[in-house]
Amino acid sequence: MSIQKPKGTQDLLPGEIEKWQYIESKARELCLRFNYREIRTPIFEHTELFKRGVGETTDIVEKEMYTFLDKGDRSISLRPEGTAGVVRSYVENKLYGEPDISKLYYIGPMFRYEQPQAGRYRQFHQFGIEAFGSVDPGLDAEVIALGFTFYKELGLKDVTVEINSVGNPAVREVYREHVQRFFAPVKDQLCKDCQSRYDRNPMRILDCKIDQKYCEGAPTILEHLDEECSAHFQAVQDHLQAMDIPFRINPRLVRGLDYYTHTAFEYKAAGIGAIDTIGGGGRYNGLVGQVGGSDQPGVGLGLGIERILLVLQAQGIDIPAAKPLDVYVIGLGDAAEKECVRLLQSLRLAGLAAEKDYLGRKIKAKMKSADRYHATYVAILGDDELARGEITVKTMATGEQETLPLSSFVQTLQSRIRS
RNA sequence: GCGGUCGUGGCGAAGUGGCUAACGCAUCGGAUUGUGGCUCCGACAUUCGAGGGUUCAAUUCCCUUCGAUCGCCCCA
């Protein structure tokens with residue numbers, strides 16, 4: 001067997017790639033309206049950045065990173081998510097020194113070493129945004145609104161927004177103890193996964209599908225928020241309501257990255273097998289400081305492109321198809337063939353999508369080829385027509401044919417296609 | 001990291017321990033010597049993911065491996 005693509009990666013071929021281009025152009029256009037500007041950071045970074053940024057004890061850093069030593073013995077990792085790199089760049093380029101807050105977006109591949117399944121790949125793609133420099137809860141709401149609007153304008157149906165507050169580190173520490181105390185009496189009866197969650201991340205027990213019966217009456221983090229956290233959370237909700245963004249409060253929502261403070265949110269939709277989260281994000285007020293910058297607050301989101309595609313497919317939503325070919329040029333005879341080469345270039349310079357045959361096929365096969373390309377027109381030039389200074393043009397949709405003067409042929413087609 | 005299912009031409013798909021590996025789609029050629037979409041005729045897998053084993057004989061049975069797919073953990 002010849003070499004195959006690495007597990008969990010995919011080739012995006014013509015026919016499929018148009019969907020990606022559409023989604024990406026939609027993202028750029030939306031960011032323009034929300035006043036976010038693109039940033040491109042390296043696909044690999046020093047491993048240390050992700051350890052500090054994403055969190056040493058997260059699954060992502062503990063077992064999912066593509067890490068290697070480069071020839072200078074530096075530990076390098078392929079980025080498993082987008083925020084850490086953007087934060088690093090924000091700090092390194094001193095964007096915090098600019099008069100306005102920084103509103104940035106990115107689109108690109110992320111890498112995690114995991115077992116692939118429906119909606120999960122080792123190389124996957126995210127569209128994400130990050131906004132630095134403000135603690136205004138209105139900015140949290142704007143970020144949530146941008147994601148929701150994106151899904152909506154792409155045509156996704158039944159996308160739900162779930163929000164929660166994960167408080168600040170002090171609140172979370174107190175809450176964590178409450179949860180452990182709550183589950184302590186039944187710890188031995190919890191499922192295997194939850195027994196390990198008990199020490200690592202007790203909040204996750206609340207999300208367990210098996211142990212729901214033990215979760216009844218469990219304390220929620222919302223009950224433990226301090227005054228500042230409560231006020232922030234309430235203000236985010238007020239802003240969302242003002243923007244008519246529907247949302248549901250999910251007090252059990254916990255995200256897998258350590259850096260979140262205050263607002264955490266997820267977008268969910270059915271149709272990707274066992275997975276229902278299609279995007280998520282939150283506020284991260286301590287992260288910039290942890291990465292080594294002046295302690296600027298931030299809030300952001302990341303949306304999975306593959307997951308959007310899967311939901312679109314499940315919901316039977318079509319994405320605008322590629323443009324058909326304008327003209328297919330057929331030359332018959334040596335002199336005509338040569339003239340066609342000139343015509344083809346003229347058509348292309350005139351802004352039309354044009355093609356010819358390169359397989360030396362007969363006219364019948366060339367016509368079939370033109371048909372496969374969904375050509376609007378087929379231009380046929382034989383030696384006799386060339387001698388008369390004419391060219392035959394067939395409109396494929398109707399089958400009608402006409403004879404046009406060769407001298408003005410390119411201009412004629414150009415004006416027809418444009419109108 | 002763990003578990004289920006699967007792996008036959010470009011694609012979809014039947015099949016069996018032995019006789020030329022069905023069929024459909026697509027493609028190419030012809031009927032139609034300068035014209036597509038319909039119809040008819042013809043062509044198209046020294047080979048059944050890879051490697052090894054059992055056997056007189058393996059695409060079929062066994063082992064290993066790679067991959068796909070779905071699920072668990074976790075996540076986009």
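When reading the values below, keep in mind they use all heavy atoms of this one structure, side chains included, and skip hydrogens, waters and symmetry mates. Here is the naming used below: chain letters follow the sequence lines, and residue numbers restart at 1 for every chain.
Distance from the side chain of A/Thr392 is smallest for B/U35 among the nucleotides B/C74, B/C28, B/U35. Nearest nucleotide to the side chain of A/Leu332, out of B/A76, B/G71, B/G34: B/G34. Residue A/Lys362 has its side chain nearest to B/G29 when only B/U35, B/G29, B/G71 are considered. Taking the side chain of A/Lys7 as heavy atoms from C-beta on, and the options B/C70, B/A68, B/U32, the nearest nucleotide is B/A68. Distance from the side chain of A/Gln117 is smallest to B/C70 among B/C70, B/G34, B/C28. Listed nucleotides: B/A68, B/G34, B/G71. Nearest to the side chain of A/Gln115: B/G71.
Residue A/Tyr328 contributes atom OH, which lies 14 Å from atom C1' of B/G34 at whole-angstrom precision. We find that CD1 of A/Ile278 is positioned 12 Å from P of B/A76, with the value rounded to whole Å. If you take CZ of A/Arg307 and C1' of B/C74, they are 10 Å apart, rounded to a whole angstrom. For the pair A/Phe124 CZ and B/C74 C1', the computed distance is 12 Å after rounding to whole Å. In this structure, CD of A/Glu162 is placed 14 Å from P of B/A76, rounded to the nearest angstrom. Between the C1' atom of B/A76 and the CD atom of A/Glu266 lies a distance of 10 Å, rounded to the nearest Å.
For B/U46, there is no paired base (Watson-Crick or G-U wobble, both distances below 3.5 Å). Of the nucleotides present, B/C72 is the one that pairs with B/G1 by Watson-Crick or G-U wobble criteria, both distances under 3.5 Å.
For A/Arg122 and B/A76, the shortest distance from a side-chain N or O to OP1 or OP2 is not below 4.0 Å. Residue A/Arg255 places at least one side-chain N or O closer than 4.0 Å to OP1 or OP2 of B/A76. The side chain of A/Lys364 contributes an N or O atom lying less than 4.0 Å from OP1 or OP2 of B/G36. Note on A/Arg361: a side-chain N or O is less than 4.0 Å away from OP1 or OP2 of B/C28.
A/Asn250 contributes no side-chain N or O that, together with a main-chain N or O of A/Ile163, makes up a donor-acceptor pair within less than 3.5 Å.
Salt-bridge annotation for A/Glu266 and A/Arg255: present, with a side-chain N of the basic residue lying under 4.0 Å from a carboxylate O of the acidic one.
Nucleic acid contact class of A/Glu385 (heavy atoms, under 4.0 Å, all strands): base.
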